[in-house]
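Before any comments, here is the structure.
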Amino acid sequence: MALDKVGIAKRIAQELRDGWYVNLGIGIPTLVANYIPEGIEVEFQSENGILGMGAFPFEGEEDADLINAGKQTITARKGASFFDSATSFAMIRGQHVQLTVLGAMEVSQNGDIANWKIPGKMVKGMGGAMDLVASAENIIVAMMHSNKAGESKILSKCTLPLTGVGCVKKVVTELAVLEIKDGKFHLIERAPGVSVEEIISKTEGELVIPNNVPEMVL
Amino acid sequence: MALDKVGIAKRIAQELRDGWYVNLGIGIPTLVANYIPEGIEVEFQSENGILGMGAFPFEGEEDADLINAGKQTITARKGASFFDSATSFAMIRGQHVQLTVLGAMEVSQNGDIANWKIPGKMVKGMGGAMDLVASAENIIVAMMHSNKAGESKILSKCTLPLTGVGCVKKVVTELAVLEIKDGKFHLIERAPGVSVEEIISKTEGELVIPNNVPEMVL
Amino acid sequence: MNKVVKNVEEALVGIKDDMTLMLGGFGLCGIPENSIAHLVKMGVKNLTCISNNAGVDGFGLGLLLESKQVKKMISSYVGENDEFERQMLSGELEVDLIPQGSLAERCRAGGAGIPAFYTPAGYGTEVAEGKEVRIYNGKPHILEEALTADFAIVKAWKGDTEGNLIFKATARNFNPMMATAGRITIAEVEELVEAGELNPNDIHTPGIFVQRIFKGEKFEKRIEQRTVRQK
Amino acid sequence: MNKVVKNVEEALVGIKDDMTLMLGGFGLCGIPENSIAHLVKMGVKNLTCISNNAGVDGFGLGLLLESKQVKKMISSYVGENDEFERQMLSGELEVDLIPQGSLAERCRAGGAGIPAFYTPAGYGTEVAEGKEVRIYNGKPHILEEALTADFAIVKAWKGDTEGNLIFKATARNFNPMMATAGRITIAEVEELVEAGELNPNDIHTPGIFVQRIFKGEKFEKRIEQRTVRQK
């Protein structure tokens, strides 16, 4: 059965390693923070200027001056720090953040990502996404395999304006975990109960299928 | 009579204007802080990371963590701030400092300055001088008219390695105040009792002498 | 060096049609709301506004957009504003969208006398069109130029009479860089204290960058996404 | 994320011959004196040291120079050190002198993923030799590249277990930029506290930039120019 958003977040959380600083994008990526594997410690960076982002505040304890990049009210953990936007992107551009998780509208088999603009329709801006994808060594995309019209978003070539080129390393969808290597998608894992055939049929980009494709363990 | 160092500092202090942020170099320039004209307020920046530099500390109150760019112990005035070296030179390079006063080994008639190196003999480094002279809109040089061998240091062309090109606006020596304009030195004032002839004889660079050269009033 | 002005009227004197303004804030967090409200009252037109976001309908820079005072926005994300989208898609409003980190760094560069720098952000995208590309460390980078403004308007938590500023939590965001990049920088603060009351170690923006400071009359500090958990 | 190591021995593990080190401080102010003393003990050789100054005879980096562990110095001012001058003039020591502001900005750039930037400092001087020149705002600027190091060693006043740092007064200087530019950054602090004890608003160097932190055993904090006035 295809994963829901929480399932995708749980699978991505398995990629976290002890001691990592992590930037989580808006949407599904934000949920990853709820499923940190036991026994490891990670620290969340939000590009609007906080390291050590904590849980949402209790009702009545919201502080308008303390938000994340999604403009949601948050709290700060012990040991947190605040800084300006230039310093925040110094962390990102300078590769001090070990993992970036973000959403996408399209990903291509050479690792290109499009997630900021639909010409003539949606022009909200790229926010910090272009800085993040251009700099991060380790980028995982959380996304749905297909759009609402049923068309694959896992493509040989992106059709939408790009956010970054050749930068995505891994994609986790409701159906599969794909690694991007040598200009191809490599099927690493499939969602519990999802067949390789379904993944093939919903993937437009070139897909490499190993002999054995294990099911995710969530 | 030629001025002493204090005299030079006093004359330069007359150039201060209310509300200016000022960077004073090591040596004679440092003395300028002692002669701020009455009724004006200026703030001193030291490039090692303080704005609002105060007087030297009372004996026994020195703090090893609080020094100026000459490595002297200092104090901080009310309203002072501390910052890192990148921010400090952001102030300087970004032209937030209205006046820079520094010493020189040579100045030329097009505003070049040499003050950091005597090849094969003295190689101490430029410190912040190159950043200061390259960026400041308003640079006054405090120096002696001649070197110990009696040779003019007010030249048609510098002979020592340059610190900056075409940047010096004004020179105050023990003999005169010179403005640099249109590739020439213009004699603006002479030290009390010093003759125009003496200044001419000790100036190697091209010197423009107006009909009337007033004496400095200190 | 006393930088205090009486009120927002006095603080904004000199802002005229066709000028370029920088405005601090991220979303509605840390925006100079008193100054924005007064810009609407002043009615200055054809402004170029450099601000990470464009406010929301009815608050923040959204107010300036509704009154059609903005000719051009230079921002990284403008997604919370229907009137903005309408003006942009209809061509009434010029929009220059810039990666957020590049925007922050370009403001910093403008204040720091760095006219241009290389960054990897935006390479291979439409942001890189017409920009010089150079390879460093095996990776393509694009050349981005500094941004400055006629006036920078920032919002701080505490400020002193010398213009020293301290920001609170994530309300710091773009304010410190923008404060350095205005030919004239105006700071509106929640709390205005005497020189000497702020610890010189804790100051985020040294007073040298601030020309005018005033205590804002009223801070609504609207929250865009109130997100809470239950006790 | 606990970054605490037991002592200077543990902190400096991995520093080897031929490496490039950044060392914070201005003159003798804010230098990592415990680490420098231990580098002498370790006897690592052929180091390239990036530091604004080179210490004095008998203290600070002067100790590393005396024991001939330094192959190359990258500094802005080295005038307080006779042994340095001797080694430099005799050709034993390579020296790269850089304008102080360019040095600070190159370290910041190294930590911030900015591979190069333009600055007016040094144009028309020997510093500009071989460097690209470009006109901005009618003024020539030269292209300077980022600096990074195998290890950056900084000294802070207070630090917490997460590696967050606060510097005191002008002992801040080059420490914050260098902290960002080391592949591994080591902080020696006067006071080491638990996470949560430092106000997150007041932190100068966020812990993300620091890999190892330890409480220095002893801080002599020598004064270079004791200058006082009488009461």
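What's counted below: heavy atoms across the whole structure, side chains too, no hydrogens, waters or symmetry copies. We name chains A, B, ... by the order of the sequence lines, and we start the count at 1 in each one. Being a predicted model, the structure only gives us computed values, none of them experimental.
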- line: Shortest non-hydrogen pair, D:Met1 vs A:Val42, comes out as SD-CA, 4.2 Å
message: Can you pull out every salt bridge (charged side-chain N to carboxylate O under 4.0 Å, His left out) where at least one residue sits in residues 13-27 of chain D? Sequence neighbours excluded, please.
response: D:Asp17-D:Lys45
- prompt: At a heavy-atom separation under 4.5 Å, does D:Leu198 approach chain A through its side chain, its backbone, both, or neither?
  reply: neither
- request: Report the residues that fulfil ring pair (Phe, Tyr, Trp, His ring centres under 6.0 Å) with D:Tyr136, sequence neighbours left out, ordered by chain and then residue number.
  value: D:Tyr118, D:His141
message: Quick check for you: among D:Ala146, D:Ala181, D:Gly111, which has the greatest number of heavy-atom pairs under 4.5 Å with chain A?
response: D:Gly111
query: Are there more than 12 heavy atoms of other residues, nucleotides or ligands under 6.0 Å from atom NZ of D:Lys41?
result: no
query: Can you list the residues that meet the side chain to side chain contact (heavy atoms under 4.5 Å, CB included) rule with D:Val40, with sequence neighbours excluded?
result: D:Leu63, D:Leu64, D:Ser67, D:Gln69
Output all donor-acceptor pairs under 3.5 Å across chain D and chain A; consider backbone as well as side chains.
unit_1: D:Met1; atom_1: N; unit_2: A:Glu41; atom_2: OE2; d: 2.7
unit_1: D:Lys3; atom_1: NZ; unit_2: A:Tyr21; atom_2: OH; d: 2.7
unit_1: D:Gly111; atom_1: O; unit_2: A:His96; atom_2: NE2; d: 2.8
unit_1: D:Ala112; atom_1: O; unit_2: A:Arg93; atom_2: NH1; d: 2.7
unit_1: D:Asn164; atom_1: ND2; unit_2: A:Gly79; atom_2: O; d: 2.9
unit_1: D:Thr180; atom_1: O; unit_2: A:His96; atom_2: NE2; d: 3.3
unit_1: D:Pro200; atom_1: O; unit_2: A:Phe82; atom_2: N; d: 3.0

